[in-house]
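In what follows, a structure is listed as structure tokens, so that the remarks can point back to it.
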Amino acid sequence: MSAISAVPPFILPSRRSTHRSHAGMGAFGPAPGPGPHPCGCSPQSAGPLWALVDCNNFYASCERLFRPDLRGKPIVVLSNNDGCIISRSDEAKALGVEMGAPAFKVRRELARLGVHVFSSNYALYGDLSNRVMRTLGTLAPEVEVYSIDEAFLPLRGPLAADPVGVGRALRERVTRWTGIPISVGIAPTRTLAKLAGRVAKRTPRCEGVFDLASCREVLGMGLDDFLGKVPVDAVWGVGRRLAAMLRGAGITTARALRDAGDDWVRRRMSVTGLRTVLELRGLPCIGAAEQGEPPAPRHTVVSSRSFAGRITEVAMLREALATHAALAGAKLRRAGLVAGGLAVHVRTARHDEEAALRCDDGVSLSLPVPTADTTTFIRLAHEGLDRVFRPGYPYAKAGVMLYGLERADTRQGSLLALADGTAGRDAARERLMAVADRINARHGRGKLRHAAEGLDDKALWHMRQRRRSPRRTTAWKELAEALCK
DNA sequence: TCTGGGGTCCTAGGACCC
DNA sequence: TCTGGGGTCCTAGGACCC
């Protein structure tokens, strides 16, 4: 895949000469005027066109990439701990397999239907995601990676003149270079681009690319009629609860939501809801990150996981929490950050057990001086556990969250540490962590670890992953093999 | 036996300040 | 009998996303 980084800048051939500006198009309502906006943002009157690139059935597509024998076969991928279904191939969808269905409830049905089941393999998906994003970057100067399988691309200048051409070029190249199928939705705002992407994915004649401006030509209806057919819960930012509230108020379609009154929306859905509504009207309001702006620093780093079984022994919880503290610490250092505190969280299963033995406890502990030292995090995690642990409870999940994050290179020092000589010790610890991180980066995660994390990788507190595929692209021992006869 | 993990943003309410 | 107004900061909880 080294070819990806060595690609000359790509100039798009313009397939159509009609130059077009979406901003201010009559169909999207009045162009934003000057002055403050009801949602508190400052929409641009001549912003870019947005392309949403979405990898189709991403995890299922990743699994199929190295198993050509599964082309045309139904596939599902399970969440961590083999809990529920989080990705389905088109064939699995056609069989009526439900998203989010608990694996234990549908296992027999899946077997009967001949569906191939995989545990999730995030090492593989993460690597393939990077390849897709880098490939997008060879055709578009700006790529806002939104999630592991989605990116927003602002299209400006020549790219905005032929957005469908850009979409087709992206699709062709990503398929050729990575083998992952994508669809592209194009519109003047991110929220509308998401809806366009939905059409791109489900309408065969779009061939994976749909520009909302071509509503009439492609779908045979105007924008109003189209939005009138989109159920309100398909709108980005409207989840289960808001959808129920909206339906109760008689708002069942994207069109009705778009046309709801600003004050009402502000009251019932807060400013986030108002932003969504304005975006439906064609006014860009969401994620105003502009070119050149550094990405917003994250506020928390979390590591937590459900166990393969139920755990009552405090010693096992200590191992699990030490491991999460170490994972979170490594993630923190990779980002060049330090944390001012750590929160411990343990809970029993939500669904089973009698109510008397159910609990969900957490405690936050702050540090005198921000640090990225795993040893400190483990000590703190154990301290937190001692505060919340209840003997006899069947614990199902544990985790830690690091908060109060700041950049390591600008952190506030401690006068006390200077005075009592602990500053030197801290510097030595930092070097130790750096060495450990390098060793683990080279030889695999957890190769060098604190004794508190435990040595038994099959311990009950590890998650269940019965059907994980090999990490074809990130582990030497699991490389794909090709046989030449 | 068995229902994921990791994030973000917003609001309300309390403590505290002048 | 009257008993301000306007801030900040923090936390908990709720909603959303993939």
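A note on names: the letters A, B, ... follow the listed sequences, proteins ahead of strands, and every chain is numbered from 1.
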- Pick base, sugar-phosphate or nothing for D149(A), based on heavy-atom distances below 4.0 Å to the nucleic acid. sugar-phosphate
- Task: Could you check which of dG7(B), dT11(B), dC9(B) has an atom nearest any side-chain atom of H299(A)?
- Result: dC9(B)
- In whole angstrom, give the distance that lies between atom CZ of R334(A) and atom C1' of dG6(B). 14 Å
- Task: Give a yes/no answer on whether the side chain of R464(A) brings an N or O atom under 4.0 Å of OP1 or OP2 in dC2(B).
- Result: no
- Query: Any side-chain N or O of K194(A) less than 4.0 Å from the OP1 or OP2 oxygen of dC16(C)?
  - Reply: no
- Distance, rounded to the nearest Å, where R358(A) contributes CZ and dT3(B) contributes P: 13 Å
- Y146(A), nearest nucleotide to its side chain (from dC10(B), dC18(C), dG7(B)): dC18(C)
- Item | R305(A) side-chain N/O to dG6(B) phosphate OP1/OP2 under 4.0 Å | yes
- Query: Any side-chain N or O of K397(A) under 4.0 Å from OP1/OP2 of dT3(B)?
  - Reply: no
- Output the single nucleotide from dC18(C), dG4(B), dG6(B) whose closest atom is nearest the side chain of S79(A). dG4(B)
- Query: Do N440(A) and R445(A) come within less than 4.5 Å of each other through their side chains, counting heavy atoms only?
  - Reply: no
- Salt-bridge test for D90(A) and R202(A): reply yes if a basic N is under 4.0 Å from a carboxylate O, no otherwise. no
- Message: For S147(A) and D149(A), which I'm curious about, is there any donor-acceptor pair between the side chains at under 3.5 Å?
- Response: yes
- Find the distance D360(A):CG to dG13(C):P and express it as a whole number of Å. 10 Å
- Query: With a non-hydrogen cut-off below 4.0 angstrom, is S364(A) in contact with a base, only sugar-phosphate, or nothing?
  - Reply: nothing
- Item | Interatomic distance at C1', dG4(B) relative to dC17(C), whole Å | 14 Å
- Message: Can you measure R266(A) atom CZ to dC10(B) atom C1' for me and round it to whole angstrom units?
- Response: 9 Å
- Query: Would R468(A) and E478(A) pass as an ion pair if we require N to O under 4.0 Å?
  - Reply: yes
- Item | Atom-pair distance (NZ on K201(A); P on dC18(C)), nearest Å | 10 Å
- Task: Can you establish whether the number of heavy atoms outside R390(A) located under 6.0 Å from its atom CZ is more than 12?
- Result: yes
- Message: Let's go through R466(A) and S119(A) carefully: what are the C-alpha distance in whole Å and the side-chain angles of both, what is the deciding distance for side chain to side chain donor-acceptor pair (under 3.5 Å) to 0.1 Å, and is it a yes or a no?
- Response: CA-CA 7 Å; R466(A) 294 211 180 106; S119(A) 298; over 6 Å; no
- Distance, rounded to the nearest Å, where M269(A) contributes CE and dC16(C) contributes P: 9 Å
- Item | Sugar-phosphate, base or nothing in reach of L242(A), heavy atoms under 4.0 Å | sugar-phosphate
- Rounded distance in Å - NE2 (H324(A)) to P (dG5(B)): 8 Å
- Message: Quick check on dT8(B): is either OP1 or OP2 less than 4.0 Å from any side-chain nitrogen or oxygen of T300(A)?
- Response: yes
- Task: Ignoring the backbone of R310(A), work out which of dC9(B), dC2(B), dC18(C) is nearest its side chain.
- Result: dC2(B)
- Residue pair A308(A)/S270(A) against DNA chain B: nearer the 5' end by closest nucleotide is A308(A)
- Whole-Å gap separating P (dC2(B)) and CD (Q465(A)): 18 Å
- Item | Nearest-nucleotide 5' precedence on DNA chain B, Y122(A) against V301(A) | Y122(A)
- Query: When you measure from the side chain of S147(A), which nucleotide among dC18(C), dG4(B), dT11(B) comes out closest?
  - Reply: dC18(C)
- Message: Return the pairing partner of dC18(B) with a 3.5 Å limit on both distances, Watson-Crick or G-U wobble; otherwise return none.
- Response: dG5(C)
- Item | Any R466(A) side-chain nitrogen or oxygen under 4.0 Å from OP1 or OP2 of dC2(B) | no
- Message: Tell me whether the side-chain N/O atoms of S306(A) come closer than 4.0 Å to OP1 or OP2 in dG5(B).
- Response: yes
- Query: Using a cut-off of less than 4.0 Å, is there contact between a side-chain N or O of S304(A) and OP1 or OP2 of dG6(B)?
  - Reply: yes
- Could you please name the option among dG4(B), dT11(B), dT3(B) that lies closest to any side-chain atom of P102(A)? dT3(B)
- Query: Between E313(A) and R318(A), is the closest basic N to carboxylate O distance under 4.0 Å?
  - Reply: no
